[in-house]
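These notes concern the structure reproduced below.
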Amino acid sequence: MARKAAGKPPEEILLDWKREQASLKARVVDRDTEAWQRDPAFSGLQRVGGVDVSFVKDDSGSACASLVVLSYPELEVLYEDCRMVTLTAPYVSGFLAFRELPFLVDAVQQLRQREPRLMPQVLFVDGNGVLHHRGFGVACHLGVLTDLPCIGVAKKLLQVDGLENNALHKEKIQLLKAGGDSFPLMGGSGTVLGRALRSHDHSTKPLYVSVGHKISLEAAVRLTHSCCKFRIPEPVRQADIRSRDYIRRTQEVQGVPAPPSGRSKEAQRPKACPQGVSEEPAENQNSEEQRPETRML
DNA sequence: GCGACAG
DNA sequence: ATCTTGTCGC
């Protein structure tokens, strides 16, 4: 029904993408720009957002993009937007943004237009920020295109610029004893690209936090820890849970036998939700043509 | 041929 | 990302 995004892009496309990244990279602000970011208790921070994209098992072209907004510090879901999308680009390490970002940018723009009061003051992104092959990961990309503070949170270390998940690295992880403990990730050039963070007391595997846009690494790490009820920061975790649940419900409606779901009780209803799941695809789902490239001026 | 490989 | 059951612990 929706096949695309297969194979690896031609070298010419990759060069275009690299030029795009190099160009937008100049706009990244890797320091605190908001008052709440320097406040010890983050007072003034009221809404944190999270984005994620989940995939349909046997269809490399279909996915669900989600944007959620949570209250801070309560971390209760205030807004949820899940939408089925058709992926154009394949996954290529180092170019994640060109696969997932167009839909997330659209979601942010829709929120900005329809519910500006719910706009998050910071966005947690599933993936890296400046901890990237060319210093411009998906979190930076989303930050620059939306002008929102963004934090990159990766579940695995991207082995770039000399960083390696080797014995020494694992030793450092062993030294992280309590939630909030972290150590710097130094690139070959001597620059700190991010920090490995033990997100809470009962989590052994660290998170790799890096600056996306308009926030310092120190504030990003501190806020990430502050948003972790479990290993994954609640905004991203909720976006993940809800996008996967949306796919599951969509599959059911279309007659696909329900897989032995372990849990889906986590998704309670938010105060605001653009649309629900209906068998009839929303009429205006494609009213706006899909952009092949990620732009927004 | 071998190792790497965010999601 | 997704494929997957039980299991150990609070």
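Proteins come first, then strands; the chains are lettered A, B, ... in the order of their sequence lines, and each starts at number 1.
- Annotation: A:Tyr208 is not in aromatic contact with A:His132 [ring centroid separation under 6.0 Å not met].
- Distance A:Glu100 CD to B:dA6 C1': 9 Å, rounded to the nearest Å.
- Under the 3.5 Å distance criterion, with hydrogens and angles disregarded, a donor-acceptor pair is assigned to the side chains of A:Ser216 and A:Asp32.
- No hydrogens or angles considered: a donor-acceptor pair under 3.5 Å links the side chains of A:Ser226 and A:Tyr72.
- Close to B:dG7, at under 4.0 Å from its OP1 or OP2, lies a side-chain N or O of A:Lys155.
- Computed from coordinates, the A:Leu158 CG to C:dA1 C1' distance equals 16 Å when rounded to whole Å.
- Using a 4.0 Å heavy-atom criterion, one finds that A:Gly94 contacts the bases of the nucleic acid, with or without backbone contacts as well.
- At the heavy-atom level, A:Val92 lies nowhere under 4.0 Å from the strands shown.
- Distance, A:Asp161 CG to B:dA6 P: 16 Å, rounded to whole Å.
- With 3.5 Å as the limit, one finds a donor-acceptor pair spanning the side chains of A:Gln110 and A:Arg83.
- Counting to the nearest Å, the P atom of B:dA6 and the CZ atom of A:Arg134 are 13 Å from each other.
- Counting any heavy atom pair closer than 4.0 Å across all strands shown, A:Asn128 reaches a base atom.
- Between A:Leu207 atom CG and B:dG7 atom C1' the separation is 15 Å, expressed in whole Å.
- As rounded to whole Å, 5 Å separates atom C1' of C:dA1 from atom CZ of A:Phe55.
- Ring stacking holds between A:Tyr91 and B:dG7, with the centres under 5.5 Å apart and the planes within 30 degrees of each other.
- Ring centroids of A:Phe136 and A:His213 are separated by 6.0 Å or more, keeping the two rings apart.
- We find that NE2 of A:His132 is positioned 12 Å from P of B:dG7, with the value rounded to whole Å.
- Along DNA chain C, the nucleotide closest to A:His202 and the one closest to A:Asp52 are compared, and the more 5′ of them pairs with A:Asp52.
- With C1' as the reference atom, C:dT2 and B:dC5 are 15 Å apart, rounded to whole Å.
- If you take CG of A:Asp126 and P of C:dA1, they are 6 Å apart, rounded to a whole angstrom.
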